[in-house]
Amino acid sequence: MKKRLIVGNWKSYPATLTEAKKIFEKLKNRVGKSQNVQFRLAVPHPYLHPLGGGKKKGKIQLGVQDVSFASGGAHTGEVAASMSDSVGATFSIIGHSERRAQGEGNDIVNKKVLAALASGLDVVLCIGEVTRDPEGAYLGFVRDELESAFQGILPRDLSKIVIAYEPVFAIGKSAAEAMSGEGVQEMVIFIRKLLTEKFNRSRADSMPILYGGSVDESNAKNIYTVGMVDGFLLGRASLDPDTVQRIVKLTA
Ligand code: PGA
């Protein structure tokens, strides 16, 4: 059985390192020992080293929410994947819709996936339609995101990639506005079909697919069981250790 995976995305929270340390300590106590669910956490860059002590093997594996497309150089404000790797990151989220909304296109997402892999980071690749249309053009949108992100990826790197399906309209809403388990299931089947076409059945089946978008303890069970996902990408909920603990338990 594939190990279940829950990834937390702190986004641009909390406001201070002191607060971050408090939440992280609680998270380690609540979810650090779960046997069959792995919890990984993407934190803001300045918190990475202070929380993880620069190591990769803590109770909770830490990651970042983005990497630069470049491996270094005159790129003011960019953080290269190797830099995050060197202070303890084990993965990066890439292509989150909040970055795509800043103008990050499919070509840049692809460069970032390649840059992260080249530096030894695992990748949580976010894909998902912005809106739905009755004609089903949104399926083509998701297909384009997926196919372009995988350009130039070597088969041996596939085991380092996790897909996070996040319909943009369901992010940051109430739990009732998350996608239904049935809706998630449809998209998981669609994404596995695309992966099978691109690679092969066994590679497609072994790639974890997470759902993200307003998951909390009230909808996690339905989305997990009906949606046929391998876990979740949690935004807001990841800042609340009690909620994370309950979602981990539900998933386990
Ligand atoms: P949310 O965020 O759980 O707060 O909706 C999910 C995400 O943006 O990854």
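In this text the structure is predicted, and so the values were computed from the model without any measurement. Heavy atoms only: backbone and side chains are in, while hydrogens, waters and symmetry mates are out.
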Problem set entry | Donor-acceptor contact below 3.5 Å, side chain S68 vs main chain A70 | yes
For this session: Not counting sequence neighbours, which residues clear side-chain contact (heavy atoms from CB on, under 4.5 Å) with Y13? List them please.
Result: K11, L239
Problem set entry | Polar side-chain atom of Q65 near backbone of A42 as donor-acceptor pair, under 3.5 Å | yes
Exercise. Say you draw a straight line from CD1 of I247 to CZ of R30; how long is it, rounded to the nearest 0.5 Å?
Worked result: 13.5 Å
For this session: Report yes or no: does W10 contribute a side-chain atom to a donor-acceptor pair with the main-chain N or O of S238 at less than 3.5 Å?
Result: yes
Exercise. Would a line drawn from the ring center of F24 to the ring center of Y47 be shorter than 6.0 Å?
Worked result: no
Exercise. Is the side chain of D230 donor-acceptor paired with the backbone N or O of I209 at a distance under 3.5 Å, no angle test?
Worked result: yes
Exercise. Ion pair present between E25 and K28, side-chain N to carboxylate O less than 4.0 angstrom?
Worked result: yes
Exercise. Counting only heavy atoms not in K56, do more than 12 fall under 6.0 Å of its NZ?
Worked result: yes
Exercise. Do the rings of F69 and H75 sit parallel, tilted or perpendicular, given the 30° and 60° boundaries?
Worked result: perpendicular
Exercise. Should L146 and L195 count as side-chain neighbours, where that means a heavy-atom distance under 4.5 Å?
Worked result: yes
Exercise. Judged by atom type as modelled, is there a donor-acceptor pair below 3.5 Å linking the side chain of D66 to the main-chain atoms of K112?
Worked result: no
Exercise. Does NZ belonging to K221 count more than 12 external heavy atoms closer than 6.0 Å?
Worked result: no
For this session: Quick one: do F91 and K160 satisfy side-chain contact (heavy atoms from CB on, under 4.5 Å)? Show the steps, please.
Result: CA-CA 9 Å; F91 74 100; K160 297 180 189 140; over 6 Å; no
Exercise. Can you check whether R4 reaches N36 side chain to side chain, under 4.5 Å on heavy atoms?
Worked result: yes
Problem set entry | NZ (K59) with more than 12 external heavy atoms under 6.0 Å | yes
Exercise. Less than 4.0 Å between a side-chain N and a carboxylate O, is that true for D216 and R246?
Worked result: no
For this session: Check whether more than 12 heavy atoms from other residues, nucleotides or ligands sit under 6.0 Å from atom NZ of K249, and answer yes or no.
Result: no
Exercise. Do any N or O atoms from the side chain of N106 and from the backbone of S148 form a donor-acceptor pair under 3.5 angstrom?
Worked result: no
Exercise. Can any side-chain N or O of R192 pair as donor or acceptor with the backbone N or O of M207 at less than 3.5 Å?
Worked result: yes
Problem set entry | Charged N-O contact under 4.0 Å between R100 and E166 | no
Exercise. Between the main-chain N or O of A175 and the side-chain N or O of S214, is there a donor-acceptor pair closer than 3.5 Å?
Worked result: no
For this session: Please check if the side chain of S119 supplies one atom and the backbone of A116 the other of a donor-acceptor pair under 3.5 Å.
Result: no
